[in-house]
Amino acid sequence: MFGRNRSKGNYAYTSARVKAKKSLLMKEEDYDKMLMMTVPEISRYISETGYSKEMTDLAGRLSGLDLLEHATHLNMAKVFRSILSTSTGELYSMVSAYLDKWDVWNLKVILRGKSYGLDADGIREDLVPAGRVGAESLEKLISIDNVDDIVANFGKMAHVVVPPEVMSAYKAGGNLGEIEDFLDKVHYERLIKSIDPLSRPSYIFLTYIREQVDIKNFETILKLKAEGIHGEQVMKYTIPRGRRIDERLLALLANAETIDSMMSELSQLEFGEEVRAPLEANDVRGAVHSLKMYERQKAKKFSHLYPLSVTPVIDYMINKENEVRNIRIIARGTESGLSRETIKGLLVI
């Protein structure tokens with residue numbers, strides 16, 4: 001079910017569709033305009049640039065920042081499911097496996113929302129029903145209060161079994177990260193398994209995904225190290241099968257007691273120079289931002305190598321995710337009274 005599909009798929013048709021969609025994505029000048037606006041003005045602006053239906057449909061029960069945030073996520077989910085629904089063969093398998101990350105995202109949103117005491121509407125705002133688990137199924141999960149039952153029902157929907165030892169570890173410390181970490185690993189294992197390494201375009205995609213694993217692992221190490229956590233406690237939160245960060249390097253990075261003490265290892269990382277300056281300034285948030293910029297540039301580069309393959313499809317999805325993230329950053333920053341310069345520094349453009 002989660003392996004490779006032998007049928008090649010409708011690459012030409014889907015690539016043409018995403019190329020047209022990509023031309024409609026926001027440009028830097030759009031973000032510059034929104035930085036000058038209030039939240040209601042931003043809402044009106046995005047209604048004129050592709051988010052009209054979602055803004056209209058939700059306007060009856062939501063307003064302000066809540067309306068904008070829910071509408072952008074709903075639009076992104078609709079666009080992604082539309083691409084998936086018209087894909088066939090191995091292209092469908094790879095896109096579907098890539099979109100499974102939103103199932104994990106949604107479970108995290110629901111579990112965290114429950115732990116913070118959010119109501120159903122508060123939880124719905126951050127859901128992105130773009131994976132295998134659709135909106136109706138997510139509503140069922142929201143209606144459940146017990147974590148064990150939520151995870152068990154999610155497992156049936158997403159065809160994944162969360163082992164008893166993972167649930168026991170969660171119950172012992174009350175740390176949802178135990179469940180989230182396991183599901184992240186399952187997602188990447190399935191995604192990597194769905195990609196045929198013998199096809200050159202797909203191999204490029206596989207390389208990109210394995211670099212994503214490196215980036216995610218590095219982000220995890222940075223965040224934990226900033227909290228004074230190192231060694232085996234870090235290793236258990238990392239994902240296997242990265243491209244450059246093998247088990248040896250992973251252990252070196254994890255065992256370094258501070259961020260300063262692992263700086264000598266940066267030369268072994270493809271993105272090492274991208275994060276060196278912010279890390280030397282002890283700016284973990286800046287380093288994570290640099291990684292997101294690096295990730296986007298890599299996606300853009302590989303999408304041009306093989307235009308009739310899965311790569312432009314994933315590149316479009318990454319850019320769409322980035323657009324939604326940027327809109328929400330501008331709206332939240334504006335609502336919070338942050339300066340335009342501060343907000344723009346948080347954007348990935």
Legend entry - Stepwise side-chain contact (heavy atoms from CB on, under 4.5 Å) test for Val79 and Met76: CA-CA 5 Å; Val79 169; Met76 181 169 66; 5.8 Å; no
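- Looking at Lys225, its side chain does come within 3.5 Å of a backbone N or O of Ala254 through a donor-acceptor pair.
- Side chains of Arg17 and Ser82: a donor on one and an acceptor on the other come within 3.5 Å.
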Legend entry - side chain to side chain donor-acceptor pair (under 3.5 Å) between Asn217 and Tyr237, worked out: CA-CA 8 Å; Asn217 282 337; Tyr237 290 109; over 6 Å; no
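- Aromatic ring orientation, His73 versus Trp105: perpendicular (interplanar angle above 60°, classes split at 30° and 60°).
- Checking Lys53 against Asn75 by side-chain atom types alone, no donor-acceptor pair falls below 3.5 Å.
- Side-chain atoms of Asn319 and Asp315 include a donor-acceptor pair closer than 3.5 Å.
- Salt bridge Arg244/Glu211: absent, no basic N to carboxylate O contact under 4.0 Å.
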Inset, instruction - Apply the test side chain to side chain donor-acceptor pair (under 3.5 Å) to residues Glu90 and Tyr11: give CA-CA distance (whole Å), side-chain angles for both, the deciding distance (0.1 Å), then the verdict. - result: CA-CA 10 Å; Glu90 68 176 15; Tyr11 288 105; 2.6 Å; yes
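- With salt bridges taken as basic N to acidic carboxylate O contacts below 4.0 Å, none links Lys298 and Glu295.
- Using a distance-only test at 3.5 Å, with no hydrogens or angles considered, a donor-acceptor pair links the side chain of Ser47 to the main chain of Ser43.
- Using a 4.0 Å cut-off between a side-chain N of Lys or Arg and a carboxylate O of Asp or Glu, Lys344 and Glu341 do not qualify as a salt bridge.
- In this structure, a donor-acceptor pair under 3.5 Å is present between the side chains of Thr258 and Ser261.
- Arg210 places a side-chain N or O within donor-acceptor distance of the main-chain N or O of Arg241, the cut-off being under 3.5 Å.
- Asp119 has no carboxylate O lying under 4.0 Å from a charged side-chain N of Arg124, or vice versa, which leaves the two without a salt bridge.
- Asn10 and Thr88 share a side-chain donor-acceptor pair at under 3.5 Å.
- A salt bridge is defined here as a Lys NZ or Arg NE, NH1 or NH2 lying under 4.0 Å from an Asp or Glu carboxylate O, and Lys236 with Glu178 meets this definition.
- In summary, the side chains of Tyr98 and Lys101 do present a donor paired with an acceptor at a separation below 3.5 Å, with no hydrogens or angles considered.
- Counting only distance, with no hydrogens or angles, the side chain of Asp214 and the backbone of Arg243 share a donor-acceptor pair below 3.5 Å.
- Checked for salt-bridge contact, Asp126 and Arg328 meet the test: a charged N lies under 4.0 Å from a carboxylate O.
- Between the side chain of Asp103 and the backbone N or O of Arg132, at least one donor-acceptor pair lies under 3.5 Å.
- Between Met34 and Met26 the shortest side-chain heavy-atom distance falls below 4.5 Å.
- Checking side-chain atoms of His289 against main-chain N and O of Leu347 turns up a donor-acceptor pair under 3.5 Å.
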